[in-house]
Enquirer: 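Have a look at this one before I ask anything.
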Amino acid sequence: MKYKLFTILYILKMNQNTIFYGSSESPFGFCSIAFSNSKVCSLIFPENEEEAQKDFRRRLNTDKLEKNEAEAIRIITAIFQYSYRPELDLHGTPFQMSIWEALQQIPAGKTSTYSEIAAAIGRPKAVRAVGTAIGANPVAYLIPCHRILRSDGGMGGYRWGLAIKKKLLEAEGVKM
DNA sequence: AGGACAACGGTCT
DNA sequence: AGACCGTTGTCCT
């Protein structure tokens with residue numbers, strides 16, 4: 001009986017594996033990532049580490065968050081210097097998942113629009129909601145939400161500031 | 001070209 | 001139920 005209880009607690013603890021995080025400079029500014037079992041849960045461009053921690057805690061809905069700066073720097077460097085594509089660990093509503101999926105189909109250097117994405121997932125009228133779902137993209141850069149522009153040619157928004165969006169697009173040779 | 005505005009749909013509180 | 005939004009098409013000046 002006692003044994004059973006401990007097994008269950010152990011399994012629960014293992015099931016909620018801890019998420020590690022850390023930050024480093026990147027070609028596009030200060031960058032933080034959260035990862036678990038070598039899968040990347042989130043990549044963001046916050047102001048500082050404190051904002052990163054808050055964002056991760058809320059977004060990933062966990063209190064098991066531990067700093068691992070060395071590994072974070074290693075992953076960030078690999079991503080930006082050697083275009084390493086880590087596996088992603090994504091969680092979202094079906095609507096969000098389908099949109100994040102669609103975003104990943106857009107090759108570097110190409111752009112799309114909020115309404116095109118809406119059409120692509122079969123909800124042509126959900127344009128506004130597509131905007132918010134794109135804004136909720138947990139993995140910036142790797143899931144290229146920066147490649148989405150307004151249909152009138154405008155920049156649209158960017159969760160981490162338009163300056164970074166612009167930088168990302170310029171680096172891909174997109175002209176605006 | 002650019003501003004105001006209503007309609008839209010998913011998500012959060 | 002209501003408010004919030006990384007939008008868009010339309011109707012103006």
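Chain identifiers are assigned alphabetically (A, B, ...) following the order of the sequence lines, protein sequences preceding nucleic acid strands; residue numbering begins at 1 within each chain.
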Enquirer: Could you tell me the separation between the CZ atom of A:Arg150 and the P atom of C:dT10, rounded to a whole number of Å?
Expert: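 Distance, rounded to whole Å: 15 Å.
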Enquirer: Which nucleotide sits closest to the side chain of A:Arg58: B:dT13, B:dG9, C:dT7?
Expert: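 Selected nucleotide: B:dT13.
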Enquirer: In whole Å, what is the span from the CG atom of A:Leu169 to the C1' atom of C:dG6?
Expert: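 A:Leu169 atom CG is separated from C:dG6 atom C1' by 13 Å.
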Enquirer: Under a 4.0 Å N-O cut-off, is there an ion pair linking A:Glu172 with A:Arg147?
Expert: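 Yes, A:Glu172 and A:Arg147 are salt-bridged.
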Enquirer: Where the side chain of A:Ser151 is concerned, which of B:dT11, C:dG6, C:dT8 is the nearest nucleotide?
Expert: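 Nearest to the side-chain atoms of A:Ser151, counting from C-beta on, is C:dT8.
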Enquirer: Would you mind reading off the distance between A:Ile99 atom CD1 and C:dT7 atom P, rounded to a whole angstrom?
Expert: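 Rounding to the nearest Å, CD1 of A:Ile99 and P of C:dT7 are 13 Å apart.
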Enquirer: Scan A:Ile33, A:Ile73, A:Ile79 and name whichever one has a side chain to side chain contact (heavy atoms under 4.5 Å, CB included) with A:Ser24.
Expert: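 Filter result, single survivor: A:Ile73.
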Enquirer: Tell which nucleotide pairs with C:dG6, taking only Watson-Crick or G-U wobble pairs whose two distances are both under 3.5 angstrom.
Expert: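 Its partner: none found.
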Enquirer: Round to a whole Å and report the spacing from CZ of A:Arg59 to C1' of B:dT11.
Expert: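 These atoms are roughly 14 Å apart.
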Enquirer: Is the number of heavy atoms from other residues, nucleotides or ligands under 6.0 Å of A:Arg58 CZ greater than 12?
Expert: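 Counting neighbours around CZ of A:Arg58, 12 or fewer heavy atoms of other residues, nucleotides or ligands fall under 6.0 Å, so no.
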Enquirer: Between C:dG9 atom P and A:Glu116 atom CD, what is the distance in whole Å?
Expert: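 Answer to the nearest Å: 11 Å.
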Enquirer: Select one nucleotide: of B:dG10, C:dG6, B:dC8, the one nearest the side-chain heavy atoms of A:Lys165.
Expert: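 Closest nucleotide to the A:Lys165 side chain: C:dG6.
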Enquirer: Given that both distances must come in under 3.5 Å, which nucleotide forms a Watson-Crick or G-U wobble pair with B:dT13?
Expert: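 Result: C:dA1.
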Enquirer: Roughly, in whole Å, what's the span from CG in A:Asp152 to P in C:dG6?
Expert: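 Between P of C:dG6 and CG of A:Asp152: 16 Å.
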Enquirer: Would A:Tyr141 and A:Phe80 count as a close aromatic pair, with their ring centres under 6.0 Å?
Expert: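 That pair passes the under 6.0 Å test.
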Enquirer: Within this structure, what is the CD-to-C1' distance between A:Gln96 and B:dG9, rounded to whole angstrom?
Expert: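 Taking CD of A:Gln96 and C1' of B:dG9, I get 13 Å after rounding.
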Enquirer: Which of the following nucleotides, C:dT8, B:dT11, B:dG9, is nearest to the side chain of A:Ser115?
Expert: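 So the nucleotide nearest the side chain must be C:dT8.
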Enquirer: Classify A:Thr132 by what it touches in the nucleic acid, base, sugar-phosphate, or nothing, heavy-atom distance under 4.0 Å.
Expert: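 Here A:Thr132 touches the bases of the nucleic acid.
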Enquirer: Given the structure, check if the side chain of A:Tyr114 and the base of C:dG6 hold any donor-acceptor pair shorter than 3.5 Å.
Expert: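 Side chain to base: pair present.
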Enquirer: Scan A:Leu43, A:Ile75, A:Asp89, A:Ile19 and name whichever one has a side chain to side chain contact (heavy atoms under 4.5 Å, CB included) with A:Phe35.
Expert: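 Exactly one candidate clears the test, A:Ile75.
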Enquirer: Any side-chain N or O of A:Arg128 less than 4.0 Å from the OP1 or OP2 oxygen of C:dC5?
Expert: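 No, no such contact exists.
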Enquirer: Please pick, from B:dG9, C:dT7, B:dT11, the nucleotide with the shortest atom-to-atom distance to any side-chain atom of A:Thr93.
Expert: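 Side chain of A:Thr93 sits closest to B:dT11.
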Enquirer: Round to a whole Å and report the spacing from CG of A:Asn61 to C1' of B:dT11.
Expert: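 Taking CG of A:Asn61 and C1' of B:dT11, I get 15 Å after rounding.
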